[in-house]
There are 4 protein chains.
Amino acid sequence: MPDLEEARAILARAVAAAEALGVPMSIAVVDAGGHLVALERMDGAPYATTEIAWGKAWTSAGFRKPSSALEAGIGANPSFASAVTTVTHGRFMPRQGALPLAAGGAVGASGGTGEQDEDVVRAGIG
Amino acid sequence: MPDLEEARAILARAVAAAEALGVPMSIAVVDAGGHLVALERMDGAPYATTEIAWGKAWTSAGFRKPSSALEAGIGANPSFASAVTTVTHGRFMPRQGALPLAAGGAVGASGGTGEQDEDVVRAGIG
Amino acid sequence: MPDLEEARAILARAVAAAEALGVPMSIAVVDAGGHLVALERMDGAPYATTEIAWGKAWTSAGFRKPSSALEAGIGANPSFASAVTTVTHGRFMPRQGALPLAAGGAVGASGGTGEQDEDVVRAGIG
Amino acid sequence: MPDLEEARAILARAVAAAEALGVPMSIAVVDAGGHLVALERMDGAPYATTEIAWGKAWTSAGFRKPSSALEAGIGANPSFASAVTTVTHGRFMPRQGALPLAAGGAVGASGGTGEQDEDVVRAGIG
C-alpha cells in the first residue's frame, strides 16, 4: 500500500509523462481499499477527469488487475456492469487507464485516450 | 464564467431560436464548475427537459467539449458511460445539445432533436 | 402554474428586491410538480444557493404552504425530516424562504437569512 | 482558483503544519466549483478523512465562507442541514476545518479536532 512519499513520487513521474505527451490529466493513487492517498489534477484537465481517474484506480485496486481487464469481463455485460457500478456508487469503471501496485493499491489516470492514460500510469509506477 | 447578464442574453437568444423552430425547450447555463447560473423552461416543454438541459451543460463544462463529442467517446462504451453517470449522480449525459463557453461554463438545451438542441444553443451563444 | 413570462416577471422583481437589500441570492420558480420553470443566480451568490433555492421552492409547492411552515412541523422531527429529505433525494428543505403561488407552484430564494429570502420571494410574487 | 503548483505549495505547508502538531490528516484543495485540484492523505490518517477533508472544502467553496460558519447557520438546524447534505450527495459538511481561498476555491482538512484542522489549513494557505 503506497505511503504518501511513494504516492508523491508516482504522481511526479506520471505528471512528467503526461506533460511529455502534452495531455493534461488527473491522476489518482489509491490504497488497497480503493481510498485516495493522493490525487493531482494538472492545469487544463477538465474537472470530470478527477472522478474518472479515481474510479479507474478504485476498479484496479478492487480487482487487483489493470482496469482494462474489466472492459472485456464485467464491462462487456452492460447490465452486470451497471449493477456493479451502482452498488459501488459509481466507483466501478471498467475502462483502460489504471494499473495495480504490487504492494496493494493502484494508480489511475484520465484525460487522454485509454492507452495514453495507462502509459502515464505505467510511467508513474516506474 | 458567465455572469447573470450574459446568461440572460444567452437565454433570450436561445429561446428566440427555439421559438423560430417551433420547438419548446429547456435551456440551462452553467458555470465552469457545472453549477446553474440560469435556466428557463419554455411553455410546453415537458419538465424532464430541465434536468436533461442541465445534464448536457454539466457534461460540456465538465469535459470542455461539445456534449456531442461524448456520444462517440465515453458514450459509446455503455459500461463506462454508466459509471461516469453514476459517480456524477446523473449529471453526465453523453448526448448532443450543449456547447462550452470560451470563458468557461457551458449552455445546454433539451426538447428537440439533438441537432435542434445544439442549433439553439449555438444561437444562444451568438 | 407559472408560465415562462410570469416566471421572468417574478425573477425580475425578486432580483430587484435582493439588489435593494444588497444580498446576492439564487431564486427559483417551480411549477405545481416542483419542477423548475426558471432559475437565476445573481453575481456573487455562492453556487450552493442554487440547490437550496430550488429545494425550498420544491418544499413549498409540495405542501402548498410557505416553506417556513415545515420548520415547525416535519422539520421539528429530525428523523422524520431526514426520511422525507432522503426519499425526495434532498429536495425537501424545511426552511424559511419560499412561498406558494396561488395558481400552483412556488418561488424560493437562498443567499440571505430566512427572513430576507422570504421577503425577496414576496416581492417577486408581487 | 488554485492551479496545481499553488495547490502543491498549499499541501506542502499544510502537511508540515500537521506534522508539527503530530496529527496525521488528509488535506484537500478544491476549485471554485468544489472539484478536487489536489488531495494528500498523510501516513496514519484513516481513509475516512479523505472524504471529510473534501467535504469541508466543498462546503467552504460552495458558500465562500469558512466551513465553521456553517456550523452555526445551516448546521444548527438538523433538518435543513440534512436536506442540504442529501441534495449535494453528501458533500455539504457544516464542520470547522476548511477556509476559502481569496481567488476562489477552498482548502479543507480532517484528522484532528476542528480547530487543529483549521489551523493546518490556515498554515497551508500561508
Side-chain angles (χ1 to χ4, degrees), chain C residues 23-26 28 34 36 41-60 62-63 67-98 108 110-117, chain D residues 1-2 28-37 51-108:
Chain C
V23 181
M25 295 187 182
S26 290
L36 285 175
R41 171 161 45 123
M42 294 166 64
D43 300 343
Y47 65 78
T49 58
T50 58
E51 297 276 9
I52 297 175
W54 182 8
K56 291 176 180 177
W58 189 98
T59 302
S60 180
F63 290 90
S67 58
S68 62
L70 281 305
E71 288 196 47
I74 294 175
N77 182 335
S79 300
F80 185 27
S82 172
V84 181
T85 290
T86 300
V87 84
T88 61
H89 303 285
R91 290 291 162 228
F92 175 69
M93 289 198 187
R95 175 65 181 156
Q96 187 179 29
S110 173
T113 65
E115 287 189 12
Q116 288 174 322
D117 293 342
Chain D
M1 190 169 331
V29 180
V30 302
D31 66 19
H35 304 287
L36 284 175
V37 177
E51 297 276 7
I52 298 176
W54 182 9
K56 290 177 180 177
W58 188 100
T59 301
S60 181
F63 290 91
R64 297 183 190 164
K65 293 179 182 174
S67 59
S68 62
L70 282 305
E71 287 196 46
I74 295 174
N77 180 334
S79 299
F80 185 29
S82 168
V84 182
T85 293
T86 302
V87 85
T88 60
H89 302 286
R91 288 292 162 227
F92 176 68
M93 290 196 188
R95 175 67 179 154
Q96 187 180 29
L99 296 171
L101 293 165
V107 182

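Being a predicted model, the structure only gives us computed values, none of them experimental. A, B, ... follow the sequence lines: proteins, then strands. Residue 1 opens every chain.
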Using non-hydrogen atoms only, which part of D:Ala32 is less than 4.5 Å away from chain C: side chain, backbone, both, or neither?
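When you check distances to chain C, only backbone atoms of D:Ala32 fall under 4.5 Å.
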Going from CE on C:Met93 to OG1 on D:Thr86, what distance comes out if it is rounded to the nearest 0.5 angstrom?
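Those atoms lie 8.5 Å apart.
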Going through the checks in order, is the side chain to side chain contact (heavy atoms under 4.5 Å, CB included) test met by D:Ile74 and C:Arg95?
CA-CA 9 Å; D:Ile74 295 174; C:Arg95 175 65 181 156; over 6 Å; no
Can you find a pair of side-chain heavy atoms, one from D:Phe80 and one from C:Lys56, that are under 4.5 Å apart?
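The answer is yes, as the side chains (C-beta and beyond) meet within the 4.5 Å cut-off.
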Kindly indicate whether the side chain of C:Ile52, heavy atoms from C-beta on, has any atom under 4.5 Å from the side chain of D:Phe63.
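Yes; the side chains approach each other to less than 4.5 Å.
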More than 12 heavy atoms of other residues, nucleotides or ligands under 6.0 Å from NE2 of D:His89: is that the case?
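Yes, because the 6.0 Å sphere around NE2 of D:His89 holds more than 12 heavy atoms from other groups.
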Residue C:Phe92 versus chain D: region with a heavy atom under 4.5 Å:
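C:Phe92 touches chain D through backbone heavy atoms alone.
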How far apart are the closest heavy atoms of C:Pro46 and D:Gly62, and which atoms are they?
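Scanning both residues, the minimum pair turns out to be CB-O, 2.8 Å.
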Locate the shortest heavy-atom distance separating C:Gly75 from D:Ser79; write the atom from each residue and the value.
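The pair with the smallest heavy-atom distance is O-OG, 2.5 Å.
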